[in-house]
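To keep things clear, I will list the structure first and then write my remarks on it.
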Amino acid sequence: MFDLLRKLCTIHSPSGDEKDISTFVLTYINQHQSSWKYQPQLFYGDEFQDCIIAVFGKPRTAVFAHLDNIGYTVRYGNELVKIGGPRSVSGYTLVGKDSKGDVECELETDEEGILSYKYNREIDRGTNLSFKMNFREDDHYIQSCYLDNRLGVAVALTLCETLKDGIIVFSCREEHGGGSVPFLAKFIYENYKVKNTIICDITWITHGVVHGKGVALSMRDSGLPRRAYIYKLKEILEKHNIPFQLEVESSGGSDGNELQRQPYPFDWCFVGAPEDFVHTPDEKVHKDDVASMLNAYRVLMENL
């Protein structure tokens, strides 16, 4: 799975600009699904924008994994505007492409937090820029930009290899306020009456959630999922001896927040590996937590 993750991390996909990663995921599915235990029905195209839905068998639960990452947009002159909430430190290398070719520039921020780029020419207005990837792996950790949420995408694609019944949703624009979940949720509920959902995303290392102790099962963040549903997931993980950590936060959010706002009776819970150095080029995740995350999704999809 880590080879797949490395490839996913190379793809430029800031919110609203997910065409390339959507094409990669769709191509990956088409190339590999013949070797999967069960084959899905795929939904994509103009009606779904850059999102993809894979439906397996008789689904009871849907997994949401967002395709986009944070980044920057070139404004006027050398000004930059954030996409989502990147941590901005002078010296970070940003990459992208405009009408004149590939771009590799340096991020600059002044004492007032004004963002700009340093480059040998003016970059086209409206160009989106992402952190340059530097993928690192050792015996215990993986580290790269955009593990949030390329790791969630890699877990979801790996889950597809053995999934019998379920829906895998690859959503867009999560990092910058969402926007794709309402029409995806409408499609899923009205066509399949599925109301169980799990958010396959990456969360934070905190004083209560640490490296190497298992996937985080989030009891709340800025959204407030239904407690009975959380306990149901918790009991399944405990029964199958999957290591996990309970997370309680007052901020942050995910596709689950949008699901909570829809006029359908969705239950949702965030289940994801914790990472350090969030929204920087150096996001860091423990391999044991990745294994716990994948195993958690396998047993949850079988037992919900």
Side-chain angles (χ1 to χ4, degrees), residues 1-13 18-45 47-69 133 135 137 139 142 144 146-172 180 184 187-188 191-192 194 196-202 215 236-237 240-242 255 271-273 285 287-304:
M1 187 177 73
F2 293 129
D3 287 341
L4 170 60
L5 178 60
R6 183 190 293 266
K7 292 176 183 176
L8 287 166
C9 287
T10 66
I11 302 171
H12 174 80
S13 182
E18 296 96 343
K19 181 180 178 181
D20 287 349
I21 195 166
S22 179
T23 299
F24 176 92
V25 169
L26 187 60
T27 300
Y28 181 92
I29 293 172
N30 287 328
Q31 289 177 344
H32 291 83
Q33 64 176 325
S34 61
S35 65
W36 294 350
K37 194 170 182 179
Y38 306 96
Q39 280 68 54
Q41 184 177 6
L42 299 177
F43 298 92
Y44 58 93
E47 182 180 352
F48 296 91
Q49 298 183 341
D50 293 311
C51 304
I52 302 167
I53 298 177
V55 179
F56 291 80
K58 298 178 179 180
R60 303 178 303 276
T61 304
V63 171
F64 281 74
H66 72 86
L67 295 171
D68 57 304
N69 56 252
M133 189 197 75
F135 194 96
E137 178 181 356
D139 291 342
I142 49 174
S144 174
Y146 305 136
L147 296 182
D148 174 12
N149 186 39
R150 301 300 193 272
L151 180 52
V153 174
V155 167
L157 286 171
T158 304
L159 179 65
C160 288
E161 295 173 3
T162 56
L163 185 61
K164 181 180 180 181
D165 300 305
I167 299 176
I168 307 296
V169 181
F170 297 101
S171 64
C172 293
S180 66
L184 297 170
F187 177 86
I188 289 167
N191 286 280
Y192 298 98
V194 167
N196 295 331
T197 67
I198 316 174
I199 310 305
C200 189
D201 202 345
I202 306 304
V215 66
I236 292 171
L237 296 182
H240 289 83
N241 298 313
I242 304 297
D255 282 342
V271 180
V285 178
K287 287 183 174 180
D288 287 350
D289 297 332
V290 176
S292 170
M293 182 176 177
L294 179 57
N295 289 333
Y297 274 87
R298 284 172 172 160
V299 301
L300 290 172
M301 293 303 284
E302 290 174 2
N303 292 276
L304 274 173

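In this chain, residues are counted from 1 in sequence order.
Counting heavy atoms from C-beta outward, Leu67 and Asp50 have side chains that stay 4.5 Å or more apart. Counting heavy atoms from C-beta outward, Leu42 and Leu26 have side chains that approach closer than 4.5 Å. Two residues are said to be in side-chain contact when any heavy atoms from C-beta on lie closer than 4.5 Å; Ile53 and Tyr192 fail this criterion. No side-chain heavy atom of Leu4 sits under 4.5 Å from any side-chain heavy atom of Val153.
For Asp20, there are no salt bridge (Lys or Arg N to Asp or Glu O under 4.0 Å) partners, not counting sequence neighbours. For Asp201, the side chain to side chain donor-acceptor pair (under 3.5 Å) partners are His66, not counting sequence neighbours. Looking at residues two or more places apart in sequence or on another chain, you find a side chain to side chain contact (heavy atoms under 4.5 Å, CB included) between Thr27 and Thr23, Gln31. For Asp139, the side chain to side chain contact (heavy atoms under 4.5 Å, CB included) test picks out no residue, with sequence neighbours left out. Applying the ring pair (Phe, Tyr, Trp, His ring centres under 6.0 Å) criterion to Tyr146, with sequence neighbours excluded, gives Phe131. Every residue meeting the ring pair (Phe, Tyr, Trp, His ring centres under 6.0 Å) condition with His32, not counting sequence neighbours, appears here in chain and number order: Tyr28. The ring pair (Phe, Tyr, Trp, His ring centres under 6.0 Å) check on Phe43 picks up Phe187, with sequence neighbours excluded. Here Ser180 pairs with Cys51, Ser171, Cys172, Arg173, Phe183, Leu184 under the side chain to side chain contact (heavy atoms under 4.5 Å, CB included) rule; sequence neighbours left out.
In this structure, CD in Glu137 is found 3.5 Å from NZ in Lys287, a value given to the nearest 0.5 Å. For the atom pair Thr10 OG1 and Ile21 CD1, the distance stands at 8.5 Å (nearest 0.5 Å). Residue Asn69 holds its CG atom at 11.0 Å from CG of Leu147, rounded to the nearest 0.5 Å. Expressed to the nearest 0.5 Å, how far NZ of Lys37 lies from CZ of Phe56 amounts to 12.5 Å. In this structure, the separation between OG1 on Thr61 and CG on Asn196 is 4.0 Å, given to the nearest 0.5 Å.
The two residues Ala273 and Val215 make their nearest non-hydrogen contact at N-CG2, 3.8 Å.
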Just list the side-chain donor-acceptor pairs under 3.5 Å for residues 293-304, sequence neighbours left out, or say none.
unit_1	atom_1	unit_2	atom_2	d
Asn295	ND2	Ala291	O	3.2
Tyr297	OH	Ile199	O	2.8
Tyr297	OH	Cys200	N	3.1
Tyr297	OH	Val271	O	2.7
Asn303	ND2	Val299	O	2.6

Would you be so kind as to tabulate the donor-acceptor pairs closer than 3.5 Å made by side chains of residues 157-165, with sequence neighbours excluded?
unit_1	atom_1	unit_2	atom_2	d
Thr158	OG1	Ala154	O	2.8
Asp165	OD1	Lys58	N	2.8

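Distance alone, capped at 3.5 Å, places no donor-acceptor pair between the Glu18 side chain and the Asp68 backbone.
Every pair tested for ring-ring contact (aromatic ring centres under 6.0 Å, His included) that includes a residue from residues 150-170 fails, sequence neighbours excluded, so the list is empty. Judged as a salt bridge (charged side-chain N to carboxylate O under 4.0 Å, His left out), not a single pair has a partner in residues 2-11 (not counting sequence neighbours).
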